[in-house]
*Asks:* 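Quick one: the structure is below, questions incoming.
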Amino acid sequence: MTLRGLWRRRWLSLALLVVAAVTVAAASLGPLYAQAARSAVLRDALDTAPPDHRGWRVTSVRGDAADLARRVSVPYLRPPVPGAELLSPDPRGKKTYPLMWQEGQCGHVTLLRGRCPRSAMEIMVTRASGFRVGADVKLTSITTREDGEERLVPLRVVGIYRPDPGDPFWFGRNLFPQTAGVGEGNGDPLLTVPETQTLSGLPAGASAADAAAGNAWTGFAIVYTDPRMINGGDLAGLESAHARLAGMGRSGDAVTVFTHMDDTLARIRRQIDSLSVPVTLVTLQLVALGWLLLFLTVRDLVAARAPETALARLRGLSTARMWAFGLSEPVVLLLAALPLGLAAAWAVSARLAGEFLRADVPVTLDGPTALYGPAAVAGGLLAAAAAAWSAITRPVVEQWRRTPRARRRTWIPEAVVLALTGVGLVELLAGGPISGAAGQGTGALLAPGLLAVAFALLARRLLPLACAALFRLTRSRGGIAPFLAVRQIARGSATGSTVIVLGAGLGLAVFAVAAWSVTSRNFAEVARVHNGAETVFVVRAGDAATLRRVSAGIPGSAPVIRMPGPPVMLATDPGRFAAVALWRPSYAGGRALEELMPRLAAPVAPRVPLTGDRIRARLAVGDIPPGWTIVLFANVRVPGQDRPSVLPLARPRHGRTVYEWGLPPACRTGTCELRGLRVQSTPTGTSDFEHPPGDLGVVGLDVRRDGRWTALDAGLTDRARWRPAVAGQAGLVLSMSPWSGAAGGAGAAVPATFSDPLPALTNGTPGNRKLPGLDDSFASGYAPAVPAAAVPGLDAAGGVVDIELADRAAYGYSDKAEFEIWAAPGRAGAVLTGLRAAGVPVLATRTTAGLRTGYASEGPGLALILLVVAAGAAALLALGRAVLALYAAARRRTLELAALEAAGARAGPLRRSLLIEQAVTLTWAGLTGVLAGVTAARVALPRVPEFAEPPLTPALAYTIVPGPVILVAAAALAACLVAAAATAELLLRGVRVERLREASA
């Protein structure tokens, strides 16, 4: 019986099946997509992170580091890669070489000559080391004892290799300084085999101090995550594994763990947390629309069975059997829709994951996700029960009516919805609890649904009123077609539901398209500004001179050193920066970057270099009363240090004019720099405070190198070369008084080798803030020589400065400094080739396209993609449901149309009447949806979060992109007109005079 009824009402049954399946799919799509998105976020973060941000390097000087690492075993961690190293100088003490082995090393180098080591005391070396195949290399730590005498054991060179310093195999370490062209410090690794460690005669490890001194091997194990094996649900497990591995490094001095996984996990957690709420809100709106469609379609199906229900009641069926009879068809269809909807949701999620996420992201239907589908079906069952209650309790005569009696429509539902919409919009515009501190909040995603429903309810009320106002006009004008059309629209029961369903569905679709077009534009602009150049290569840390030399040898590139701040600082070569940076003249009042960058230069004094083993000062000592201790300190910049070396150059006293002090060891072969002179005055209890010390004159400075003293060109008599200007005819004059500032003198001076504040291209007002400097000491201010609305490369407030001035202002390079090479548009391949040819390892690569994709892969972007896809499908479904409702309502009037035709009405006016009725209703609903979507976009978009972390710069634009909205609106209206024409033609073909012979109910 049920199947026979379904076949008899096959089109309406099919509509209910489709609506129910789409509702189930909409309810399941969000959770499935969110689950896949969490996996994609996790895998993308691990794939793109530098080696030390996605793995751990466990070192131990006592035990087996690999055994320690194996204690943390989870499926998404790769097996540890063991190794060991020994730092040892050569006998002449000119170089310190890492003697090391790492499992699989031969597969990660290019062998240029010879072979890989296979036996103990065999090594392979880089070409930059200068060793040849067959040569013997001796290290002071590789010894043997024969006849009571300790002798060095030679290491035989059996091969020459070329490394790839950017290979993650090396964990991002600066292992190959000679290959990179650095002549000071350590040499390139001498790669050997584990047997060398066993036969070297050294202990496995006694203490950390022994290992640092080169007296013990340090074992290590590198552990990486495997992005292909990890899913979004494994984040908590990964955090636990990280805690266990990192905890090993806090267990004592013998074990150290190197990793920056904390930063990666924090970034992943922020992105995943930003995904859940938007996806839930989008899903709720789509499910609510699906439930509305379900309710209306179930009601139509139950209404179509009204005559059969009346006959069943006349036959005296019990209440239970009446309920079973009334619910049988809807329940069968809803249960059949459940697997169809789940399958559709899985298929769409898989397609979305492959298109917008990653091809290797699994889409699985787990327990919690599978509950959303039955929940959607439950909503349909409630709708079926409500409709069945109305059918069962309605009088039999009413059920046999082809056109139900008109009832007075209450405004209570509209009033409730409009009140909720008003309260929600006021709360949204006021930036209340649903909004964040920046005026944005995921609660703003509720605005399109509320506004779409509110507009649809108002349009539903206004359309019959507008048609009723045309009653008098159509009595005397226009003929029978508009006369019939406006009256059918005004009294038609399907008009209201059509306007509500189509208006709400199309409103969500228009909002989704507008939101995505605006968000995509903001993604592109933010990626353009934050990346700074089309392609950015992060290279191994070094120094400014080396970075500039590398860039100078590669056309279409610019050197950049980034300091995170705040404020953020970029140090670069102004001319090369202007040639590669992504700049819009609108950022700075229509001016080109080539015109602005020269303003970053400033007239400065030459540096004061120090190369030698001792420094000597010739002083003119003023009055020093008894009880005062005076010390002259010299601040020296030393290579490899990010803080100054403070030398107590002299303790001045009467009768002595020449003072000496030793320079740091690095100054003997490297170039140090004098960065300041400072007098410290310390009184005792017997000091005469009424007569403070006088002035101290620095007459000359000398440096000893290779036993010879050479005078420094420090400009001690040039006021332009020191700050403050304390230089004079007799030299640099410093006050020894502790109250030198109040007395008008100066107790300290620095060479004016850089300007303070530094001229900068800024994206804001600096105020009193200091730039971090390349040494992260926040010692230099900056002034907006070129203010701009946005600056390439700055993702927060900060400035771009001349790299030469920045290097002069800093004492060294902080670990936070990121060394980058920027490539001009279209030059990425050539720049990468140049970097490889120069032996510069590329640790990471950032592109504007990659950043843009990354923004779209964050929580808000993924939620908008889901909204676009699902809202588009819902709008099409709403259009189909609206057309079906109009068709069913008009089909019930075929007897009226047949009677008109029998009375002499021609087919043309009847066709036009049906066409006007269908077109006006659908077009009215379509225009309502477009207006609701555009209004929701204008109201909600400035408050809808687009980024997991809202950018501070550039300013986001929220003007609606007209093209996509116009295209969607035109397509929707065209579909409405086509559907109206097709429906009217099908109905007219069904009108036959012979239908008048049928018995009327």
Side-chain angles (χ1 to χ4, degrees), residues 34-60 64-83 102-105 107-108 164-173 175 219-250 255-275 353 357-364 538 841-846 850 853-854 857-859 948:
Q35 182 190 60
R38 284 191 289 268
S39 299
V41 166
L42 189 54
R43 295 185 179 191
D44 282 340
L46 295 175
D47 268 340
T48 58
D52 56 348
H53 285 66
R54 53 188 166 98
W56 303 261
R57 183 171 178 266
V58 182
T59 69
S60 175
D64 189 333
D67 285 343
L68 292 174
R70 292 188 189 99
R71 295 178 185 177
V72 181
S73 178
V74 287
Y76 38 81
L77 293 185
R78 292 173 177 166
V81 178
Q102 186 170 329
E103 187 177 274
Q105 60 192 12
H108 292 269
D164 179 6
D167 191 335
F169 180 77
W170 309 110
F171 201 68
R173 301 170 62 196
L175 283 175
F220 64 83
I222 297 174
V223 182
Y224 280 121
T225 55
D226 189 348
R228 297 171 300 176
M229 299 296 294
I230 196 167
N231 296 318
D234 297 325
L235 178 58
L238 181 59
E239 291 173 333
S240 176
H242 167 64
R244 293 172 60 190
L245 283 166
M248 295 178 183
R250 296 187 290 269
V255 179
T256 305
V257 178
F258 300 93
T259 183
H260 289 283
M261 182 63 76
D262 280 325
D263 298 337
T264 304
L265 291 176
R267 185 171 67 254
I268 292 171
R269 176 61 69 181
R270 286 195 300 270
Q271 292 195 29
I272 288 181
D273 289 345
S274 69
L275 172 69
L357 301 176
R358 293 169 56 109
D360 62 346
V361 170
V363 178
T364 56
V538 180
V842 176
L843 305 182
T845 302
R846 294 195 304 267
T853 302
S857 299
E858 293 177 349

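If you're wondering where the values come from, they're calculated on a predicted model, not measured in any experiment.
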*Asks:* Can you check whether A66's main-chain N or O pairs, donor with acceptor, with D64's side chain at less than 3.5 Å?
*Replies:* yes
*Asks:* Using atom types as modelled and distance alone, determine if a side-chain donor or acceptor of R57 lies under 3.5 Å from a backbone N or O of F258.
*Replies:* no
*Asks:* What pair of heavy atoms forms the shortest contact from P51 to Y224, and how long is it?
*Replies:* CB-OH, 3.3 Å
*Asks:* Using every non-hydrogen atom in the two residues, find where R70 and D67 come nearest and quote the distance to one decimal.
*Replies:* NH1-OD1, 2.9 Å
*Asks:* Counting distance only, does the side-chain N/O of T59 pair as donor-acceptor with the main-chain N or O of T256 below 3.5 Å?
*Replies:* yes
*Asks:* Quick check: do Q102 and H108 have side-chain heavy atoms less than 4.5 Å from each other?
*Replies:* no
*Asks:* So which heavy atom on L77 is nearest to which on A241, and how close?
*Replies:* CD1-CB, 4.3 Å
*Asks:* Evaluate the side-chain proximity of V74 to L238: yes if any heavy-atom separation is below 4.5 Å, no if none is.
*Replies:* no
*Asks:* Any side-chain heavy atom of L245 within less than 4.5 Å of one from T259?
*Replies:* no
*Asks:* Quick check: closest heavy atoms across A69 and P80, and the distance to 0.1 Å?
*Replies:* CB-CG, 3.8 Å
*Asks:* Is there a side-chain contact between T225 and I230 (heavy atoms, below 4.5 Å)?
*Replies:* no
*Asks:* Can you tell me if CZ on R228 sees more than 12 non-hydrogen neighbours from other groups inside 6.0 Å?
*Replies:* no
*Asks:* Is the backbone of H53 close enough, under 3.5 Å, to the side chain of T264 for a donor and an acceptor to pair up by distance?
*Replies:* yes
*Asks:* Supply the atom-to-atom distance E239 CD to D234 CG, rounded to the nearest 0.5 angstrom.
*Replies:* 11.5 Å
*Asks:* Do R43 side-chain atoms and P227 backbone N/O form a donor-acceptor pair below 3.5 Å?
*Replies:* yes
*Asks:* Find the distance between CD (Q105) and CZ (F169) and round it off to the nearest 0.5 Å.
*Replies:* 6.5 Å
*Asks:* List the atom of R267, the atom of A45, and the distance in Å for their closest heavy-atom pair.
*Replies:* NH2-O, 4.1 Å
*Asks:* Please give me the minimum heavy-atom distance between D47 and R54, naming the atom from each residue.
*Replies:* O-NE, 4.4 Å
*Asks:* Is any side-chain heavy atom of H260 closer than 4.5 Å to one of P50?
*Replies:* no
*Asks:* Under the criterion side chain to side chain donor-acceptor pair (under 3.5 Å), I'd like the reasoning laid out for D262 against H242: C-alpha separation, chi angles, the key distance, then a yes or no.
*Replies:* CA-CA 8 Å; D262 280 325; H242 167 64; 2.6 Å; yes
